[in-house]
J.: 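Let me give you the structure first, and then I'll get to my questions.
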Protein chains: 2
Amino acid sequence: MVKEGDSIPNIDLFEDSPGNKVNLSQELASGKGVIIGVPAAFSPSCSEQHVPGYITSDKLKNAGKVFVISVNDAFVMKAWSKDLDSSKASGIRFLADPAGEFTKAWDVDFDATPLLGNHRSKRYAVVTENGKVTKVGLEADPTKVTVSSAESVL
Amino acid sequence: MVKEGDSIPNIDLFEDSPGNKVNLSQELASGKGVIIGVPAAFSPSCSEQHVPGYITSDKLKNAGKVFVISVNDAFVMKAWSKDLDSSKASGIRFLADPAGEFTKAWDVDFDATPLLGNHRSKRYAVVTENGKVTKVGLEADPTKVTVSSAESVL
């Protein structure tokens with residue numbers, strides 16, 4: 001399970017289309033960043049509470065580069081981004097981890113097959129600085145938003 | 001591969017939420033129906049061409065019960081339905097086949113792992129009457145909309 005001092009997995013994620021790769025180990029190699037992991041795009045906990053908390057936080061501007069990751073495909077993540085932050089004013093970028101490889105590399109996947117058809121990401125927020133993890137807020141119950149909230153993490 | 005005379009798989013699909021089961025072998029046991037299979041919610045071919053062709057067809061009212069199925073989860077299918085047909089005026093219902101079990105039962109899945117992370121549904125439209133398949137339009141190339149279009153099928 002991801003912990004302080006860990007590196008960021010050198011595994012490609014996808015933004016807006018399945019052909020557009022983004023590598024967070026490169027994107028966050030220097031400076032500050034936050035990686036927010038969620039179980040499911042368009043689900044109530046993720047859409048009404050967790051991610052909007054970051055989008056509207058007044059501390060967001062000092063958080064560095066902020067990314068939301070889910071085990072969904074790039075088409076879905078693009079649509080969800082448009083739905084939550086149509087103007088992209090927050091600067092938060094929505095990335096797809098379609099086969100869950102990034103999520104598994106940090107050992108934060110769980111078996112959501114009965115509800116969602118596959119393994120998904122637990123709910124978490126990870127703060128990074130110069131490519132290393134400096135803080136982890138990982139929810140024991142992925143339907144709850146407590147230690148991974150914007151209020152707790154930023 | 002699904003063909004004329006086949007039955008409809010007795011496998012639950014999900015509508016609007018992961019808890020709300022819909023069984024098409026029951027829903028379509030009598031009367032006419034159309035089942036439209038697509039590779040990916042919110043993808044350009046599915047969202048701008050294939051499904052809208054059915055939503056706007058003047059033959060839709062005589063088609064019986066019409067369903068769109070994709071290997072996406074129920075949250076995504078609900079959001080996609082809202083995006084394409086916010087008033088639900090068409091009567092078309094959007095169902096999730098999250099683990100692809102319905103899709104595999106008709107042998108219309110393909111390996112989309114490099115782009116979308118998992119196995120997805122080929123693009124097709126199947127017409128049913130009294131629970132039996134009476135017509136199949138299956139695309140050889142899932143990115144194209146030809147034999148599965150509303151114009152070809154309705």
Side-chain angles (χ1 to χ4, degrees), chain A residues 11-21 38-51 69-84 86 94-105 109-121 123 142-143, chain B residues 11-21 38-51 69-84 86 94-105 109-121 123 142-143:
Chain A
I11 290 173
D12 290 329
L13 299 166
F14 301 90
E15 185 172 26
D16 291 341
S17 88
N20 189 30
K21 293 177 184 176
V38 299
F42 292 109
S43 76
S45 314
C46 306
S47 295
E48 292 161 16
Q49 192 180 359
H50 194 201
V51 177
I69 300 180
S70 181
V71 182
N72 284 107
D73 66 50
F75 297 126
V76 168
M77 291 304 281
K78 181 183 181 183
W80 193 38
S81 161
K82 198 176 153 193
D83 196 54
L84 289 182
S86 58
F94 288 67
L95 305 182
D97 184 23
E101 291 180 18
F102 184 96
T103 300
K104 284 172 200 156
D109 64 304
F110 72 105
D111 187 358
T113 304
L115 288 177
L116 302 169
N118 50 4
H119 278 240
R120 296 295 181 109
S121 175
R123 190 181 306 282
T143 68
Chain B
I11 291 173
D12 289 330
L13 300 166
F14 302 90
E15 185 172 26
D16 291 342
S17 87
N20 188 31
K21 293 179 184 176
V38 300
F42 292 111
S43 75
S45 314
C46 306
S47 295
E48 291 161 17
Q49 192 179 357
H50 193 201
V51 178
I69 300 180
S70 179
V71 182
N72 284 107
D73 65 51
F75 297 126
V76 168
M77 291 304 280
K78 181 184 180 183
W80 194 37
S81 162
K82 198 175 154 197
D83 196 54
L84 290 183
S86 58
F94 288 68
L95 305 182
D97 183 23
E101 290 179 19
F102 184 98
T103 301
K104 284 173 201 154
D109 63 304
F110 74 104
D111 186 359
T113 305
L115 288 176
L116 302 169
N118 51 3
H119 279 240
R120 295 295 181 109
S121 175
R123 188 182 306 283
T143 67

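Quick note on labels: first sequence line is chain A, next is B, and so on, each numbered from 1.
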J.: May I ask you to name which of A/Ala99, A/Ala79, A/Ser43, A/Ala112 has the most heavy-atom pairs under 4.5 Å with chain B?
T.: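 The residue among A/Ala99, A/Ala79, A/Ser43, A/Ala112 with the greatest pair count is A/Ser43.
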
J.: Tell me, do A/Asp73 and B/Arg120 make a side-chain contact under 4.5 Å, heavy atoms counted?
T.: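 A/Asp73 vs B/Arg120: side chains touch.
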
J.: Checking heavy atoms, do the side chain of A/Asn72, its backbone, both or neither come under 4.5 Å from chain B?
T.: side chain

J.: Indicate the atoms forming the closest heavy-atom contact of A/Ala41 with B/Phe75, along with that distance.
T.: O-CB, 3.9 Å

J.: Do you know which of A/Pro18, A/Pro44, A/Ala96, A/Ser17 has the most heavy-atom pairs under 4.5 Å to chain B?
T.: A/Pro18

J.: If I measure from the heavy atoms of chain A, does B/Ala74 come under 4.5 Å with its side chain, its backbone, both, or neither?
T.: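 Neither part.
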
J.: Using a cut-off of under 4.5 Å on heavy-atom pairs, state which of B/Leu115, B/Thr113, B/Val71, B/Asn118 scores highest against chain A.
T.: B/Leu115

